[in-house]
Amino acid sequence: MGHFKRYCKTLQLADDPELIQKYKQVHAQGAAWPEVTEGMKAVGILDMEIYLLPDGRQLFMIMDTVADFDHEQAMKKLATLDRQQEWENYVSEFQVSEKDASAENKWQLMERIYEMDQEEAFQPLDGQLKSIDKLQSFSVK
């Protein structure tokens with residue numbers, strides 16, 4: 001039975017429609033720096049999605065990782081990888097954060113308060129252990 005961890009995070013963008021549009025552009029398909037994406041994969045991040053609320057300021061991230069992912073250690077390692085801090089400095093222009101803040105300091109972990117068929121509770125820093133089998137066994141009736 002395969003497992004992975006899921007982390008959900010949030011961050012607020014600056015209240016500037018021009019900066020928000022530019023932030024969306026730097027995250028458009030193929031626009032993110034390849035070194036940053038490769039660095040995330042190197043520390044155990046399997047997939048990441050970022051959503052923007054209709055108000056245009058609040059971001060929501062879903063980050064799926066390997067099952068034995070240690071969030072604190074991985075974020076520390078990620079901050080040292082090629083171009084990662086340069087990317088964080090660059091995107092901080094759009095975010096409500098300090099310019100030299102790391103991704104770990106910007107993105108706030110969210111507490112899960114509901115899951116359909118929840119079997120276990122997890123602290124935000126531990127991630128939510130998910131079974132791949134649950135996804136594979138799903139069928140519409």
Under the side chain to side chain donor-acceptor pair (under 3.5 Å) rule, collect the residues that match up with R112, sequence neighbours excluded. E115
Indicate the atoms forming the closest heavy-atom contact of A79 with Q84, along with that distance. CA-CG, 4.1 Å
Specify the closest pair of heavy atoms between M75 and M63, including all atoms of both residues, with the distance to one decimal. CE-CE, 4.4 Å
Run the numbers on H71 and D126 for side chain to side chain contact (heavy atoms under 4.5 Å, CB included), then give the verdict. CA-CA 7 Å; H71 188 274; D126 296 332; over 6 Å; no
What closest approach, in Å, do S92 and N89 show between heavy atoms, and which atom pair accounts for it? OG-O, 2.6 Å
Would a hydrophobic clustering, with Ile, Leu, Val, Met, Phe, Trp and Tyr connected at side-chain separations under 4.5 Å, put V66 with L81? yes
Taking side chain to side chain contact (heavy atoms under 4.5 Å, CB included) as the definition, give me every residue that meets it alongside E111, ordered by chain and number, with sequence neighbours left out. I113, P124
Pairs in or reaching into residues 37-67: which pass ring-ring contact (aromatic ring centres under 6.0 Å, His included), with residues at least two apart or in two chains? none
Student check: side-chain heavy atoms of Q108 and K9 closer than 4.5 Å: no
Please identify each residue that fulfils side chain to side chain contact (heavy atoms under 4.5 Å, CB included) with R83, with sequence neighbours left out. W33, E35, E86
Co-members of the apolar cluster containing V96 [side chain, <4.5 Å]: none
With a cutoff of under 4.5 Å between side-chain heavy atoms, which Ile, Leu, Val, Met, Phe, Trp and Tyr residues group with L129? F122
Side chain to side chain contact (heavy atoms under 4.5 Å, CB included) with D64: which residues, sequence neighbours excluded? F4, R6, D47, I62
Can you give me every donor-acceptor pair (side chain of residues 10-20, partner residue at least two apart or in another chain, under 3.5 Å) with its distance?
from, atom 1, to, atom 2, distance (Å)
T10, OG1, Q58, NE2, 2.5
T10, OG1, L59, O, 2.8
D16, OD1, E18, N, 2.9
D16, OD1, L19, N, 3.3

Non-neighbouring partners of Y23 that pass ring pair (Phe, Tyr, Trp, His ring centres under 6.0 Å), sequence neighbours left out: H27, F94
Interatomic spacing from CG in D70 to NZ in K76 - rounded to 0.5 Å: 8.5 Å
Between K5 and Q128, does the side-chain hydrogen bond (donor to acceptor under 3.5 Å, both in side chains) criterion hold? Intermediate values first, please. CA-CA 5 Å; K5 282 185 180 176; Q128 304 159 22; over 6 Å; no
Results of side chain to side chain contact (heavy atoms under 4.5 Å, CB included) for Y114 - residues two or more places apart only: M116
Contacts table for residues 36-46: side-chain donor-acceptor under 3.5 angstrom, sequence neighbours left out:
none

With a 4.5 Å limit on heavy-atom distance, are the side chains of L53 and R57 in contact? no
Are M61 and M48 close enough that some pair of their side-chain heavy atoms sits under 4.5 Å apart? yes
Would Y90 end up clustered with L78 when hydrophobic side chains under 4.5 Å apart are linked, directly or stepwise? yes
Taking the side chain as C-beta and beyond, is there a heavy-atom pair between Q85 and W87 under 4.5 Å? no
